[in-house]
Amino acid sequence: MKYQLSRKISHYCFILPAFLIFISVMIFPVFFSFVLGFTQWKGYGEMRFVGFDNYIRMFQDPVFHIALRNNILIVLISVFGQIPLGMLLAYMLHRKMVKKSNVFEVLIFLPITISSVIIAQLWNRMFSPVGILPALVRTITGNKDYIITIVENKDLAIIPIMFVLLWQHTSLYMVIFLANLQRIPNSFIEAAQLEGAGEGTIFLKIIMPILGYVIFINSILAIAGSFKSFDLIYSMSGGGPAHYTEVIAVYMYNTTFVHQNYGYGSALSIIIIGFIVLSLLLTRGVSKIFKVE
Amino acid sequence: MRKLVLVAALLLTAMTMAFAGPSKDTSGATSGAVTLTVYHQIDLASPQYEYWPVTLAAFAEKYPDIKLDFEYVSGEQFHDKFQAMAATGDIPDIFTTYVGSRSSYILDRGLVKDLRPYLTDSFKANYTPAIWGPQGPNGEIYIISPNMAVCTVVYVNTKLQKELGLTTPKTLDEMIAQVPAIRAAGYTPLMFANKGVWQAQSLLLSMLVDRMGGTAWFDKARAGTAKFTDKPFVDALAVIKRMVDTQLFPAGVNQLEGPEGWGDFVQGKSVYLLDAGWRVGALKGAAAPADYAQYEAIAFPEVPGEVVHGSSAATLGEALAMNAKLTGAKADAAWKFLSFIYGQEGLDILMKYGTVPTYKLDYSKYDLDSLNRQYIQLTNSQTMGYVIDAVMDGEGVNNLLNPGIQAVMMGSKTPAQLAAEYEAWVAANDSNRKK
């Protein structure tokens, strides 16, 4: 009995450091942010309790509306752009549909290995009015004043950023799919081919069901990553011009740390957590409907 | 069992030690030498700061017993990290400080030393009187600003002007009238870059508001006896919109980074450049000497309806300040450092590198180039209005006004709409209206 008790105590002693770290870097900040979301505070001085004012303000705030719309668009391009494209590329490489597939594999994977800040600078140099793409179009068309005008359109300004996100992150999903494709025994595919199955049938009837759970995992990664998306957008546009490319994480950062409105910023961060949790629950629900194992 | 408990206890002790920091001595050193930690917001790679290593070498020669331990961080990262330090109350001995809302996270917490006990009348007499205005609520002086940040200057490429048969415009209408000829020749009339968002407010709107209403009107708007929906503010915004509509600016002005803008001017792609006074040094470093020699600096041309003529907008340039907790030998060393770099010796070096300081120096002793001479003459002849982001609260300016100006420029908001939105924010939130 005494031995059991001392064994238990020793177990707790070992768990305690990790538990303390988890509490201090995860639970406490989230809880503190949740409390701060009901206050008006500049990060110092008097902290004033304002109830749900920050949340009411959020739903009346046009910048938040733009940020939310952009986040949803980024989720959509991630789930319905990056994942299918990553899967397609992985399948093409796995089935050796292109020559020199190793070279393509490296080329496609390259963007994910580069820092987002560098990628942002690279694409800014491409899209800028003094950049490569407008210069090329000017040369071809003779239009001296050509610039990429969608960047200045409230509804379309996010498109170049979505394109860069698609370019950057597709490779991650491709690698995950490729690793899982390599686990499928060739005998499965050879047997199907002997039975007369074409590429389409093999892909839909053999590959897709086996990769179901990978798609589910990738969707979770894509959704959570999209709501947190910060580094590339902050470096590429900072949310501008005129907040047109704002996303919630960038808006939260600027509100909290640049404008020192910790109350409203914390409410925004809680909303980000809420959206991620909600999206994950939805994904789980969908996966249950389709019985993804 | 005992061993397990012992290991666990050791782990806990190690963690406690890892999280605990050393205590700081703010009074001085035990030996003769004093070491000061300095948190400085400059980018040493920028040609603008070529003078800094020279200044430090001169200081080290004069005061070998004062050691400086620098951390250089530029841009927003400087403020991000400093805010975290300020939240813990543990800040370096000396650090970059702005007068106004940008440094409120240290100023409002009382973390910056009031320099008034050090500032004798004879010391103050050496400087432009404008820098000794109150910087805190009780008249505190936190920094000795080494230079005035003059925010609106128009630079002229006179070679291109002659090539196109143009003369320097005296009014905005005259400048706009030159647009067809300049554009037909394939050049940009007035180069300006506003991707950074703050430029249209700091470098243009602040000056235009002063021209339209003057500082007296702005004081009233700050206090709430006038409103930002009044004519001077709306008209100033409308001037910016007119400048866009008449194609004075380059296409995609809100997509251009600052260096892309003045970089194109240096490459001879535009006749005029709208930028700040502090750009002189960068132009000198980037342009070919023959090109630089023909540049001119002029005031922004006369704007229809202006009540103040030829003015610009200016604020005190940022400077290093002292930790309020410093005492004894450390405080003495910090003052020696500040009074050296911002005194005659330090600002003499700054002047040699092309920045006009607030210290009264005999300009005739310096081998100044023509653009610098023109700039000095220009700013001495101008009155200066407020730079809006130096006097109004940051959230309203950065979150609403600056992006709002971009929206006006791109046509998705009218000047009156933006003015109404900004006035509503200021009325509800700005600390100027709560005094």
Side-chain angles (χ1 to χ4, degrees), chain A residues 2-3 5-7 9-18 20-21 24 40 42-45 61-63 121 124-125 127-131 134 143-149 151-155 157 234 237-244 246 251 253-262 264, chain B residues 1-5 7-9 11-12 14-15 19 76 79-80 83-84 86-87 89 101 104-106 108-109 183 186 193-197 247 250-257 260-261 263-264 269 393-400 402-413 421 429:
Chain A
K2 204 173 175 185
Y3 173 73
L5 183 69
S6 61
R7 208 173 140 79
I9 291 171
S10 68
H11 287 172
Y12 283 128
C13 284
F14 276 109
I15 291 167
L16 192 63
L20 285 176
I21 290 171
S24 57
Q40 197 174 53
K42 287 175 78 178
Y44 54 87
D61 180 354
V63 180
Q121 292 305 316
N124 274 342
R125 293 283 179 277
F127 294 142
S128 158
V130 294
N143 176 2
K144 286 179 192 169
D145 286 331
Y146 176 82
I147 56 158
I148 298 174
T149 48
V151 177
E152 298 185 0
N153 183 304
K154 192 175 183 175
D155 298 321
Y234 187 75
S237 71
H243 291 301
Y244 293 171
E246 203 74 79
Y251 191 42
Y253 172 82
N254 284 330
T255 302
T256 311
F257 300 109
V258 179
H259 311 141
Q260 294 173 71
N261 188 341
Y262 281 72
Y264 191 46
Chain B
M1 169 63 202
R2 274 184 189 169
K3 276 183 186 171
L4 284 175
V5 174
V7 172
L11 268 171
L12 273 174
M15 277 182 61
F19 283 112
E76 275 307 309
H79 295 287
D80 296 345
Q83 281 176 61
S101 58
S104 60
Y105 54 88
I106 45 170
D108 294 356
R109 283 184 168 106
R183 288 216 167 263
N194 191 42
K195 186 173 181 178
V197 197
Q247 294 191 304
V253 57
N254 288 303
Q255 299 179 46
L256 278 169
E257 300 275 10
E260 291 175 333
D264 263 19
K269 292 181 181 173
D393 282 2
E395 186 174 3
V397 173
N398 298 321
N399 196 33
L400 205 155
N402 291 354
I405 299 169
Q406 286 187 323
V408 168
M409 292 168 88
M410 293 184 293
S412 62
K413 214 171 253 187
E421 286 172 13
N429 303 291

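Excluded from the calculations below are hydrogen atoms, water molecules and symmetry mates; all remaining heavy atoms, backbone and side chain alike, are included. Order of the sequence lines sets the chain letters (A, B, ...), proteins ahead of strands, with each chain counted from 1.
Note that the CG atom of B/Asn398 and the NE2 atom of A/His259 stand 4.5 Å from one another [nearest 0.5 Å]. For the atom pair CG of A/Asn261 and CG of B/Asp393, the computed distance is 11.0 Å after rounding to the nearest 0.5 Å. We find the OG1-CD distance between A/Thr255 and B/Glu395 to be 6.5 Å, quoted to the nearest 0.5 Å. Between atom CG of residue B/Asn402 and atom NE2 of residue A/His243 there is a gap of 9.0 Å, rounded to the nearest 0.5 Å. Rounding to the nearest 0.5 Å places CG of B/Asn429 at 7.0 Å from CD of A/Gln40. Rounding to the nearest 0.5 Å places OG1 of A/Thr149 at 12.0 Å from CE of B/Met410.
Note on B/Met409, B/Lys195, B/His79, B/Lys413: by heavy-atom pairs under 4.5 Å with chain A, the leading option is B/Lys195.
Contacts of A/Asp145 with chain B are made by both backbone and side-chain atoms, with heavy-atom separations under 4.5 Å. For chain B, the nearby part of A/Tyr251 is the side chain; its heavy atoms alone come within less than 4.5 Å. With a 4.5 angstrom heavy-atom cutoff, A/Lys154 does not touch chain B via any of its atoms.
The minimum heavy-atom distance between B/Gln406 and A/Ala242, with the atom names listed, is OE1-N, 2.6 Å. Residues A/Glu152 and B/Asn254 share a closest heavy-atom pair of OE2-N, 4.2 Å. Across B/Ser412 and A/Tyr244, no two heavy atoms sit closer than the pair OG-OH, 2.5 Å. Heavy-atom minimum distance, B/Glu257 versus A/Asn124: OE2-ND2, 4.4 Å. Across all non-hydrogen atoms, the minimal contact from A/Pro129 to B/Gly252 is CG-O, 3.5 Å.
Between A/Val130 and B/Lys269 the shortest side-chain heavy-atom distance does not fall below 4.5 Å.
Listed for the B/Gln83 side chain is no donor-acceptor partner under 3.5 Å among the backbone atoms of A/Gln260.
Residues that satisfy the side-chain hydrogen bond (donor to acceptor under 3.5 Å, both in side chains) test with A/Tyr253, not counting sequence neighbours, are B/Asp80. The side-chain hydrogen bond (donor to acceptor under 3.5 Å, both in side chains) test applied to B/Glu260 returns A/Ser128, not counting sequence neighbours.
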